[in-house]
Every structure is written in C-alpha cells, then in structure tokens.
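On a predicted model such as this, the values are computed, not experimentally measured, just so you know. Lettering of chains follows the sequences in order, A, B, ..., and the numbering in each one begins at 1.
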Amino acid sequence: MQLLIYNTLKRKKEVFEPLNAPHVGMYVCGPTVYGDAHLGHARSAVTFDLVFRHLQHLGYKVRYIRNITDVGHLENDADEGEDKIGKKARLEQLEPMEVVKHFTDRYEQNMDALNCKHPSIEPTASGHIIEQIEMVKTIFENGYAYESEGSVYFDVEKYNKNYKYGKLSGRKVEELLENTRELAGQDEKKNGFDFALWKKADERHIMRWPSPWSDGFPGWHMECSAMGKKYLGETFDIHGGGMDLLFPHHESEIAQSNAAQGKDAVRYWMHNNMITVNGQKMGKSLNNFITLEEFFTGKHEALQQAYSPMTIRFFLLQAHYRSTLDFSNEALQAAEKGMTKLFAAYSTIDKLSASATSSTDVKKYRDLCYQAINDDFNSPILISHLFDLVKIINQVNDKKASLTAEDISFVKQIFDDFLLDILGMKSENSTDNSQLVNYLMNTILEIRKNAKESKDWATADKIRDELNKLNIQIKDTKDGADWSFK
RNA sequence: GGUACCGUGGCCGAGUGGCUAGGCUCUGGUCUGCAAAACCAGCUACAGCGGUUCGAAUCCGCUCGGUACCUCCA
C-alpha cells in the first residue's frame, strides 16, 4: 500500500517515495520561545508527531528535526523592530538565554504531556550562527545578496530572473511589488519584498554576534535553511510547519536554498491548518489564544472545565490536519467522552470470552485503518474505524456477537498499532492494572454484592457513590458487577 | 486590492459522481432494586440559484456568506 502525502508545492497528493529509503529526513518549524505554547503549537506538534510515528511504524528510519527559534525574529514590520526575545528579557530583567531556557522547558513539558515523541534533534538558532553566516556568504558569492548599511539582503528580483520566486505560495513578484505595503525603514532595501539574511544590531539590541558585515543577528528565514542542510543534507524529504508560515517564511527558505546550492532542498512540503476561535485564527498577534497550560488546568475564562492533554490530542486528531479546526467547549467535551469510550472498549478487549466462530469480519478493519492513515494521514477516518470496532467489542461483551480467540487478539493488535502506536494516544489512568487496586476492588465489590443480596441498598449505593468520587465506575451487569476508571 | 481556501444534520467533523462516515447531544426501548455503562431503534444533512449527467453534497457557472496569507505568527 502506498503512502500519499499532500504536497503544498504541487497542491495535490503524491505518492511518498523517500530519497534514500529506508531513511527519511523531516524538518519541522518549531516554536519561538518567548511565550507559552498554545493550542496552535499543539496542533503542529501533534500533526508531525503523527507523521513521525506513522513513518516509523512503516519501518522508515526517520531523522526528525524540530528547531527552537531562540534568536528572535523582528518584532514589527520594518527592520527597526526589536528582537522579541531581547525585549522580553529586558522586561523581565532576565538574561535572554534565561528566557529561552524557561520557555523551552515549558514547551517540552507540554509536548511530553501531549505524548509527542521527542524529535531526533532539536537544534537552536543561536547554536548555529556560524552555519548561518556561512550560508549567507555562499548566497552572497552566488550574487543573490547585497550588503547595505551592515545588513545583508536577499535580492528577490535578481533571483526571480533565474528561478521562480513564489512557487510555493503562488505569488508573483510583479504582484508583490504592487501590493507590498509601504513600511518604515525599508530604504536600505532595493525592493520592499527583499528580506534580510543578516541584520545589523543597533546599540540597544542585546542578542548579537560578530559577522563579516556587522555585529548583528541572522535574518528571519536563515536558521531553517542552514540547520536543515546541516542535519539532513542538501536535499531532504519532508519539511513541515503551520500554514501561516507558507509565506514569506517557507517561500524564502526555498529561495535561499536555490540561491545557495542551485537546487531545491525540500521534496514534500506539508502544512497544517489553523485552530480557530469563533471562526477566527487563534494566534499571538490576535491575542485570542489559550495556552496549553490553561487547557490542562481549566484556568481561562473561555473554558468551562479543565481538559486533559490526551483530550486535547484526541480533539486535534479527530479533524484532518489540513482543515481548520474550531475550538469550543462543546467540541472538546465531545472529544473527551468519545476518548473515554474508546479506552473503555480497549480495556474490555482483555475481558472478552472467545467463541468457536466469529460473527463479524474484523480482519478487514486493519486494511481500512491503513487505508485511512496512508491517505495523507487521515486520522478522523482512522478513528471512525476504531469506533466501529468499539461497537463490535461491546457487542461481544454483551454476548450479542462473537469472536474467536484469534480475532480478539487481532482486534487488540489493531488498537495497539493504531490507537497507541500511530495516533499516539495513551490511557490516562496510570494505575489501571495495578494488582493491589484490582485486589481491593474485588474485595469492595464482594461486600457490595452481599449488601445487595440482603437488600441493603443504602450500603450498596454508598459504595458506588464513594467510588464514583474517585473516578471509579461500577457497572452492574447480568453476570455481576464490573468496574473501570472513568 | 491581490492570491488561495471554505460553507455538510442540534453541535463537532469525514467524504468528491450512484452504496448508513464517525463522535457528541436528543428521543424511545432492552438490561438494572434504582442508576451508570453497554446494546437496539429513531432523528438522514450537504449555503442559494442555474447548468452538465441516466444520476451531484461531490463536476461547471453565478450569487451570498466566511476565513487565511500578502507584517512576527503553529
């Protein structure tokens, strides 16, 4: 079965064929660490975690790079802006690197909570200043850059004569020229759409490095080009990021790579869509974002309750990564319930009693699941197939359907492969199978059974209610009582 | 203004020419001492108008509505 990936560059799905199978190189734009991560960051991370996990599941040896932007892009339009990280550092009376460390740690904690696997390498922009300077030099030598007042700019017009600037975002240089806003401080540039490769730092700017041109810092898009090349080679398979990075960030990366090495670096461009709030993009600039920490604790005025990391992950996976996804309490609560149902069924698989024959064909579900995930990582379809299996599991549990021992373990394997391994979901009840808990629960249920037999409903109900408070649910069935974590 | 995308049932969200997506909610039933859970059944949509077609949510055109990018942004 072939894996299809939607390539933004071609605007269609393509069969994925790695350059150097079984090795796959993947580069994803990570966070700028000057603030807490919000739902949008989670979407990008979960999307590419899904890609990473699935590629690994298929047997590829993946080198997954996700950068940490700690140099700080410019704050405003114009190039007069102040380094974001430097600004935050001044405000908080901290060293810039202290800010970087703080938010990097928090980001990693959030991603761990969301059960995102760690990338193979998480390089920082500040740790690769030399590589970036080298690349700027090469672009300069190749004639696609010019120096102005200590800064180096990319000559888009000249580049566009030999290559096509705008092929990723579908923009034309002529149109850009007409539509580029008049911004302050652009007099250093030949054209408004030229972008900085190296920027001279003014005296207030505290993050700065020496270079052949000036004491300054690398331009907006250099780090990804330089670090991608360093760790994945001149050409690599996948480059991912949020759709909002398409232009100008990724467009400029393409230009930089071509200007430096005469060829494209990236074969498959992947972009995840935005999270919206009331139909509007959730973003830092709009100030309508909710941080992951706020979701986990429920401490935000827009939240009716706390939502666990796995609820957030499941919510994200229930939509396709290329669709916008609208945040609402209702949608999150629905995701929470659905997830609970899914995991409840997962743990009943082990309690199922086998029959001599199966009343349903469960073998086909594995193919259906692969079909879904191989079709550009269609996690919502994959999840719908798992829910079909949930129904079958419960039917078997209710003796309304039957499965052979072989089929039961087959179903178990599907859940292990797709729910846990590929979708990266995990049960949030850590004590699930603790022997002691099981023993205690059996004792308690025995007492409750005796109470019920002597029609001591008060005791029976008290046991049930008290356990309920501990998130333990009693289920009375024909064959006696059972229990599970909620 | 330029470029691109989207508009699906009470809510979320798949689907791109013919076959019930799925989840949540709601209603009725089975089970239960009562619940919960589970199961069964019901509610069956595709912005509007026109066109192509034996047949369209799905293709084409127009209209209306919304969003994203064009400035840092996942």
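Comparing B:C12, B:A21, B:A74 by their nearest atom to the side chain of A:S384 picks out B:A21. Among the nucleotides B:A35, B:A14, B:A38, the one closest to any side-chain atom of A:S323 is B:A14. Taking every side-chain heavy atom of A:L325 into account, B:C12 is the closest of B:A74, B:C12, B:A38. For A:R464, the listed nucleotide lying nearest its side chain is B:A35; candidates were B:G23, B:A35, B:C70. Considering only the side chain of A:R43, B:A74 comes nearest among B:A74, B:G33, B:A4. Here the nucleotide nearest the side chain of A:K475, chosen from B:A14, B:A37, B:U25, is B:A37. Of the listed nucleotides (B:A74, B:G22, B:C39), B:C39 has the atom at the smallest distance from the side chain of A:N394. Considering only the side chain of A:A460, B:G33 comes nearest among B:G33, B:C40, B:G2. Closest to the side chain of A:K341, from the set B:A14, B:A36, B:G23, is B:G23. In the set B:C39, B:A21, B:A74, B:C39 carries the atom at the smallest distance from any side-chain atom of A:D398.
Comparing B:A45 with B:C19, their P atoms are spaced 13 Å from each other, to the whole Å. Here, B:A57 and B:G7 have their C1' atoms 12 Å apart, quoted to the whole Å. Separation of the C1' atoms belonging to B:C49 and B:A56 is 15 Å when rounded to the nearest angstrom. When the P atom is used for both B:C70 and B:U8, the distance is 26 Å, rounded to whole Å. Using atom C1' as the reference point in both B:G55 and B:U63, the two lie 26 Å apart (nearest Å). Annotation: B:G18 and B:U27 have their P atoms spaced 35 Å apart (nearest Å). Nucleotides B:U53 and B:C43, compared at atom P, are 34 Å apart to the nearest Å.
A:D388 comes within 4.0 angstrom of sugar-phosphate atoms only, judged by non-hydrogen atoms across all strands, and of no base. Using a 4.0 Å heavy-atom cutoff across all strands shown, A:N468 reaches no nucleic acid atom at all. Using a 4.0 Å heavy-atom cutoff across all strands shown, A:D482 reaches no nucleic acid atom at all. At the heavy-atom level, A:G40 lies under 4.0 Å from base atoms of the strands shown. Using a 4.0 Å heavy-atom cutoff across all strands shown, A:K455 reaches no nucleic acid atom at all. Using a 4.0 Å heavy-atom criterion, one finds that A:M339 contacts no nucleic acid atom at all. At the heavy-atom level, A:M274 lies under 4.0 Å from base atoms of the strands shown. Within the 4.0 angstrom heavy-atom criterion, only backbone atoms of the sugar-phosphate kind lie near A:L245; the bases stay farther away. Among the protein residues, A:K337 comes within range of the sugar-phosphate backbone only, with heavy atoms under 4.0 Å from sugar or phosphate atoms but none that close to a base. Heavy atoms of A:L39 sit nowhere under 4.0 angstrom from any nucleic acid atom.
Between A:W269 and A:H271, the ring planes lie parallel to each other; the angle is under 30°, not in the 30° to 60° tilted range. The aromatic rings of A:H239 and A:H250 sit perpendicular to each other, their planes meeting at more than 60°, with 30° as the lower class boundary. A perpendicular orientation is assigned to the rings of A:F314 and A:F387, their planes being inclined by more than 60° (bins at 30° and 60°).
B:C5 and B:G66 make up a base pair, with Watson-Crick or G-U wobble contacts both under 3.5 Å. Using Watson-Crick or G-U wobble geometry with both donor-acceptor distances under 3.5 Å, B:G17 finds no partner in any strand shown. When both distances must be under 3.5 Å, the Watson-Crick or G-U wobble mate of B:U27 is B:A41. For B:G22, the paired base is B:C12 (Watson-Crick or G-U wobble, both distances below 3.5 Å).
The pair A:D49-A:R66 fails the salt-bridge criterion, with no side-chain N (NZ, NE, NH1 or NH2) lying under 4.0 Å from an Asp/Glu carboxylate O.
In terms of position on RNA chain B, the residue among A:I275 and A:H385 whose nearest nucleotide sits closer to the 5' end is A:H385. Each of A:F327 and A:G170 was assigned the nucleotide of RNA chain B with the nearest heavy atom; the assignment lying further toward the 5' end belongs to A:G170.
Put simply, the side chain of A:I238 does not reach to within 4.5 Å of the side chain of A:Y27, judged on heavy atoms.
Of all heavy-atom pairs between A:Q305 and A:N329, the closest is N-OD1, 4.4 Å. What you find for A:M227 and A:T124 is that their closest heavy atoms are SD-O, 3.5 Å.
To the nearest angstrom, P of B:G13 lies 12 Å from CD of A:E330. With rounding to whole Å, A:K399 atom NZ is found 21 Å from B:A37 atom P. Rounded to an integer number of Å, the gap from A:L317 CG to B:G22 C1' is 14 Å. Rounded to whole angstrom, the span from the CG atom of A:N329 across to the P atom of B:G10 amounts to 21 Å.
Applying the 4.0 Å criterion to OP1 and OP2 of B:U67, one finds that A:N273 has every side-chain N and O outside that range.
Considering CE of A:M441 and CG of A:D482, their distance stands at 9.0 Å, rounded to 0.5 Å.
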